[in-house]
2 protein chains.
Amino acid sequence: MKKRVTVKQIADEIGMSMMTVSRALNENGNINKKTREKVLKTAKKLGYIPNFVAKSLVQQKTFTIGVIIPEITHSFFPEVIRGIEEVAYQSKYQIILAHSAEDQQKEKLAIRTLASKRVDGLLISTAQSVTEFDHYQEVVSHGLPLVSFDRCVYDIGVSTVSIDDELSAEQITEHLIKIGYKKIAHLAGPVTVSIGKKRLNGFKKALKKNKLVLNEDFIIPSGFQEADGYNSMKKLLKLPKTKRPRGIVAVNDPAAFGAMKAILEEGYKIPEDFALVGFSDDIRAELMEVPLTTIRQPAYELGRIATQKLIAHIENSKEKVEEIILPTEIVVRSSCGFKSSS
Amino acid sequence: MKKRVTVKQIADEIGMSMMTVSRALNENGNINKKTREKVLKTAKKLGYIPNFVAKSLVQQKTFTIGVIIPEITHSFFPEVIRGIEEVAYQSKYQIILAHSAEDQQKEKLAIRTLASKRVDGLLISTAQSVTEFDHYQEVVSHGLPLVSFDRCVYDIGVSTVSIDDELSAEQITEHLIKIGYKKIAHLAGPVTVSIGKKRLNGFKKALKKNKLVLNEDFIIPSGFQEADGYNSMKKLLKLPKTKRPRGIVAVNDPAAFGAMKAILEEGYKIPEDFALVGFSDDIRAELMEVPLTTIRQPAYELGRIATQKLIAHIENSKEKVEEIILPTEIVVRSSCGFKSSS
DNA sequence: AAAAATATTGTTAACGTTAACATAAGGTTT
DNA sequence: AAACCTTATGTTAACGTTAACAATATTTTT
């Protein structure tokens, strides 16, 4: 490997000080036009590549954002990442991507590593298995800006960007109720995760509002993965027929896909035997054997806004901590058994 | 923001030298057990977070890998990234993710930025619009390890990890021929990109091998996006009926989805009017209105292997440059019109 | 032409860490 | 007890850059 070219070498080459070269390369401060041209020419000639590591050390700033997501293969997250990347790019930040794979330990470690790498800020969507938040608190107390998105953490003094999970869950549950379903179950996410809890609350609220009794047995602790939905639905199908629900509200689309698989596998029909709705409008939702009624989340927009907020926090320590809520939309397809009146 | 805790502060606190503290924290070298415990305790007490930026500067190593991908929303890439992340994680590397959005300029800039950030290596899948490769050559000549994956660049002395695009394209084209189609068109990717060229070559080879004449009009310059496939197919559909192809080999699944849309939109049937095949087994392929016959690529595995190879290059400058080729599998669904004999 | 203002360049130290070498303390061998 | 290991710790310099201040050259003002 060639010896790397440094500012010093450029300086020696043209017989000037390092500072002058630095100034020329950064186009700041007062500097003679000719000098600058000479520096730039020499830099090019020698194949100079600036060393951001050294620069970061001096300036205490890396222009890097850490992004921690729980599951990159859910179509929601790549969309979010696209939004994140785009805004970051415009503001000259790069992103370090870490994948917690829904695992608390990995998430903790990722946070620590990213803090060590001195990212300027952190964007986190909480892993499913996370039950305590000391690790967030820790970095926050060190002054590292953090924005919590999608699966948020509240009350630790950070901005959050999400949709109104409770309201959306209420709406989609109510949609089932309006169609006429009365016995409705919820494949719930872990309540330690914001969206798990909020969607469950929304589900309950819809029942209450419509004066339906809440059957605790119809709240099935599940998870965010397809396999979770599958297993939970299998459990429901083991109930005697009269004790089974007729409508299913899954905590998200992957779980709904799993439930759909379980239902169809046992020879039941959707929506004739079971009405099913999901949450998040996964890219596959409209393509499933029975197209899935779901809630559309503005993933790309969410990524953009979370990043804008984070950069605002990074660049202005007085930036207000906010809970930002983005609008959703219910997408009615056939899995809920709704007959359009047209 | 709290003043950041440094090795020096720990050293002062316990009245020892920075070097001793450094040794204790890194668990290397000779050090008294008691001293080490004291250091660790003090580090914890003060809330010490090691500064990798400084460490990177000294050790000329960042434990960071740059990953540049052209389109994060194609389901292929998130899978690849999952593989990359996993292997990187195991070897204690982080990944900086950059999105070229199929744009040459962005790709160039990303490479330069990542080189400046002193990533230890680079993993690149070439953007669609890339026509020259100086920017690869440049970093390579600076001694920065690079592994080219999926959409590869050859003859610049870097390892490549891909599937056998030519053979796979030949196989899937031949599959159409075997079913009985003779007038087959190819929605081609840009030939400046490896997979564009290789898949086109495979297509041609299949025709030749089976003694079909190659109609140059049936090679439609297209692209990797759904819109590209849609537009190209629309063009084909404008041809008088007798001049139209009966089979369509799309350069990848998104392009095939676009073509499918165009075909169905005009009231034609698949496979009755047009047989259609794609490439890459996008997550949606099996769920489409007409399930798509395609080539399955081991995306996750590809990410893993590319990363293993890159880390090998990083950690051993004598590591052999290789062209690694992974196996594919043809996935026959209904869009090709194949009737299984069972 | 002296004084003042401006433009340009240079010097020193710092960012936080570790490599390489140096020293000291204690234990062993002969 | 002199010579020699070991083990533990310390010192100095370096990684590549820029901030803060200092100095000099040039231009403008009076």
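Letters A, B, ... mirror the listed sequences (proteins, then strands); counts begin at 1. Below, all heavy atoms of this structure are taken into account, side chains as well, without hydrogens, waters or symmetry copies.
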Which of C/dT9, C/dT18, C/dG16 is nearest the side chain of B/N26? It is C/dT18
Can you tell me if A/T20 touches the phosphate of C/dG10, counting only side-chain N or O atoms and a distance under 4.0 Å to OP1 or OP2? yes
Row check, A/Y89 ring normal vs A/K92 NZ/CZ: under 6.0 Å, within 45°:
no
Of the listed D/dT18, D/dT17, C/dT11, the closest approach to the A/S17 side chain comes from C/dT11
- [ ] Could you tell me whether B/E102 and B/R151 make a salt bridge, using a distance below 4.0 angstrom between a side-chain N and a carboxylate O?
- [x] yes
Walking DNA chain C from its 5' end, the first of A/V58 and A/K33 to be reached, judged by nearest nucleotide, is A/K33
* Could you tell me whether the phosphate oxygens of D/dT18, OP1 or OP2, come under 4.0 Å of any side-chain nitrogen or oxygen in A/Q60? => no
message: Looking at C/dT17, I'd like to know if its phosphate oxygens (OP1 or OP2) sit under 4.0 Å from a side-chain N or O belonging to B/S22.
response: no
Does B/K55 form a side chain to side chain donor-acceptor pair (under 3.5 Å) with B/T62? I'd like the steps, not just the answer. CA-CA 8 Å; B/K55 191 167 179 167; B/T62 55; over 6 Å; no
* With respect to the phosphate group of D/dT17, does any side-chain polar atom (N or O) of A/Q59 fall under 4.0 Å of OP1 or OP2? -> no
Next on the checklist: Below the 4.0 Å mark, does C/dT9 have OP1 or OP2 next to a side-chain nitrogen or oxygen of A/T35?
Outcome noted: yes
Against the side chain of B/N30, the closest entry in C/dG16, C/dT9, D/dA8 is D/dA8
B/M19 atom CE is separated from D/dT11 atom P, nearest whole Å, by 13 Å
Original post:
Does any non-hydrogen side-chain atom of B/Y154 lie less than 4.5 Å from one of B/E323?
Top reply: yes
A/L25 atom CG is separated from D/dA19 atom P, nearest whole Å, by 13 Å
